Participant: 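Quick one: the structure is below, and I'll ask about it shortly.
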Amino acid sequence: MVAGVVTALVGFTSSFAVVLTGLRAVGASPEQAASGLLALCVTQAVGMVWLARRFRMPITLAWSTPGAALLAGSGAVAGGWPAAVGAFVAVGVAVVLTGLWPRLGRFIASIPVPLAQAMLAGVLLPLCLEPVTALRVSPVAVAPVIVVWLVLQRFSTRWAVPAAFATAAVVISIDLASGNATVDRTALVPRLDLTVPQWSWQALVGIALPLYVVTMASQNIPGTAVMASFGYRVPWRAAMAVTGIGTVVGAPAGGHAINLAAISAALAAGPTAHPDPRRRWVAAFTAGLSYLVLAVTSAALSALVVAAPPGVVETVAGLALLATLAGALVSALSDESDRLPAVLTFLVAASGVAFVGIGSAFWALAAGLVIRLLLRAEPRRVRSGG
């Protein structure tokens, strides 16, 4: 049970700032972003409780942190926030289809890992640069956050980002006490802000497709591998149905995507949770219940983020994504034969360029695939004349 509580606390505090940043970037108001965080907490909590109880496995779920980072780099699309919500619904439907139609899963798995990871790394780069630029703009507010994060990296990596957020909360509280900012008390009460989904081809191509690829390649597929390393075979069809339906249900309230946990999965599935593998499902069950408790705090934390001094929340989000960026870069450059296409994919994604209303993530993956195809094409043999 303690392992489950720790899993929820680490998963929530280490990345909720990224989620709020991503939702705001694609057009959500502060209230809609807070609603999205609430929806993500509830849908993944219900999914975890059901999967853990049904299959007696420590199956943990999470929101798509790489997907939220992708949203932060995508920006607003044609159709605004309703179109983004429509893209979230499309992602959920695609995840359900992936569980029902194995060929679709094999297609996603066939996308070269270096290119998918290079696209993710390019999307993450601007966010990971935020601590550097914020330190120049607001050194007094940002420096304590970075220092605490560095100290915890030395002694307890798992708690480095939560400690950085706790430091940021202290900084924000001091700023509020000094009268530099105010918090609307009505915004402290959690509530759902529903939006009718709309669909635009720019949102489907520029948000839904990259978000689906990143969620599958960076979360669901690695999540099954992590569970397998501890001796568990994830029920693929049921897991995709639960996360896909949860995404569809949470989308009108602002939830972008839920999926199998990857990194944090080890906290509940490892021997530190319980010596007996047959008892570790209790950790995932408890993590689900803990997320229901954390859902109550989502509105207050969102209001705290809105009141933060410039650069503080961006610093926490950037620090939270550094490990993900490092892993994506290593994976992108690991295969020498794909290194050039991966580098070009990374550069296009990092550029933030948008064309015909479609963000850089799609164009990065498309460019990488085209370059890879051209470089691997067999040269035509020239016939000699007789």
Side-chain angles (χ1 to χ4, degrees), residues 1-16 40-67 95 98-99 105 108-109 113 117 156-162 214-247 257-295 320 323-324 326-328 330-331:
M1 292 177 69
V2 172
V5 173
V6 170
T7 299
L9 285 174
V10 171
F12 184 92
T13 57
S14 63
S15 57
F16 84 91
L40 291 169
C41 287
V42 172
T43 51
Q44 71 186 34
V46 173
M48 261 189 284
V49 168
W50 187 84
L51 287 170
R53 182 74 177 175
R54 169 66 177 81
F55 296 99
R56 291 297 197 275
M57 290 186 192
I59 302 173
T60 50
L61 305 182
W63 51 59
S64 178
T65 302
V95 171
T98 304
I108 293 300
V113 173
Q117 292 297 316
S156 180
T157 304
R158 178 189 303 175
W159 293 101
V161 175
V214 164
T215 299
M216 293 300 301
S218 299
Q219 295 282 165
N220 284 333
I221 294 175
T224 59
V226 171
M227 291 292 289
S229 70
F230 291 105
Y232 300 100
R233 184 175 180 179
V234 174
W236 178 255
R237 182 170 294 184
M240 293 303 98
V242 168
T243 55
I245 293 172
T247 298
I258 61 171
N259 43 241
L260 291 172
I263 298 174
S264 61
L267 297 175
T272 54
H274 198 281
D276 185 356
R278 294 172 298 180
R279 293 290 300 160
R280 295 174 193 167
W281 69 270
V282 176
F285 188 89
T286 307
L289 297 179
S290 300
Y291 264 105
L292 289 177
V293 176
L294 290 169
T324 306
V330 170
S331 181

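All figures in this text were calculated on a predicted structure; none of them were measured in a lab.
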Participant: Do any N or O atoms from the side chain of Thr243 and from the backbone of Ala239 form a donor-acceptor pair under 3.5 angstrom?
Facilitator: yes
Participant: Do you know the tightest heavy-atom contact between Val113 and Ser331?
Facilitator: CG1-OG, 3.4 Å
Participant: Taking the side chain as every heavy atom from C-beta outward, state whether Ile59 and Pro235 have any atom pair closer than 4.5 Å.
Facilitator: yes
Participant: How far does CG of Leu260 sit from CD of Gln219, to the nearest 0.5 angstrom?
Facilitator: 8.5 Å
Participant: Where is the tightest heavy-atom contact between Pro66 and Val214, given as atom of each residue plus distance?
Facilitator: CB-CG1, 3.4 Å
Participant: Is any side-chain heavy atom of Tyr291 closer than 4.5 Å to one of Thr7?
Facilitator: no
Participant: Of all heavy-atom pairs between Ala265 and Ala261, which one has the smallest distance, and what is that distance?
Facilitator: CB-O, 3.5 Å
Participant: State whether the side chain of Tyr232 and the backbone N or O of Pro277 hold a donor-acceptor pair below 3.5 Å, judged by distance alone.
Facilitator: yes
Participant: Below 4.5 Å, heavy atoms only, C-beta onward: do Pro162 and Phe12 meet side chain to side chain?
Facilitator: no
Participant: For a side chain to side chain contact (heavy atoms under 4.5 Å, CB included) check, start with the C-alpha distance between Thr43 and Trp63, then their side-chain angles and the critical distance, and finish with the verdict.
Facilitator: CA-CA 9 Å; Thr43 51; Trp63 51 59; over 6 Å; no
Participant: Name the one of Asn220, Thr224, Val226, Leu51 that satisfies side chain to side chain contact (heavy atoms under 4.5 Å, CB included) with Val234?
Facilitator: Thr224
Participant: With heavy-atom distances below 4.5 Å as the criterion, would you say the side chains of Ser290 and Leu9 are in contact?
Facilitator: no
Participant: Donor-acceptor check, side chain of Thr247 to backbone of Ile258, threshold 3.5 angstrom: yes or no?
Facilitator: yes
Participant: Between Asn259 and Leu61, is there a donor-acceptor pair closer than 3.5 Å when you use the side chain of the first and the backbone of the second?
Facilitator: no
Participant: How far does OG1 of Thr98 sit from CH2 of Trp236, to the nearest 0.5 angstrom?
Facilitator: 7.0 Å
Participant: Could you tell me the separation between the CZ atom of Arg279 and the CZ atom of Arg56, rounded to the nearest 0.5 Å?
Facilitator: 8.5 Å
Participant: Using every non-hydrogen atom in the two residues, find where Ala268 and Thr60 come nearest and quote the distance to one decimal.
Facilitator: CB-CG2, 3.7 Å
Participant: Taking all atoms of both residues into account, what is the closest heavy-atom pair of Arg280 and Pro58, and its distance?
Facilitator: O-CB, 3.4 Å
Participant: Should the pair Trp281 and Phe285 be assigned to parallel (<30°), tilted (30 to 60°) or perpendicular (>60°) ring geometry?
Facilitator: perpendicular
Participant: How close do Ala287 and Ala8 get, heavy atom to heavy atom, and via which atoms?
Facilitator: O-CB, 3.8 Å
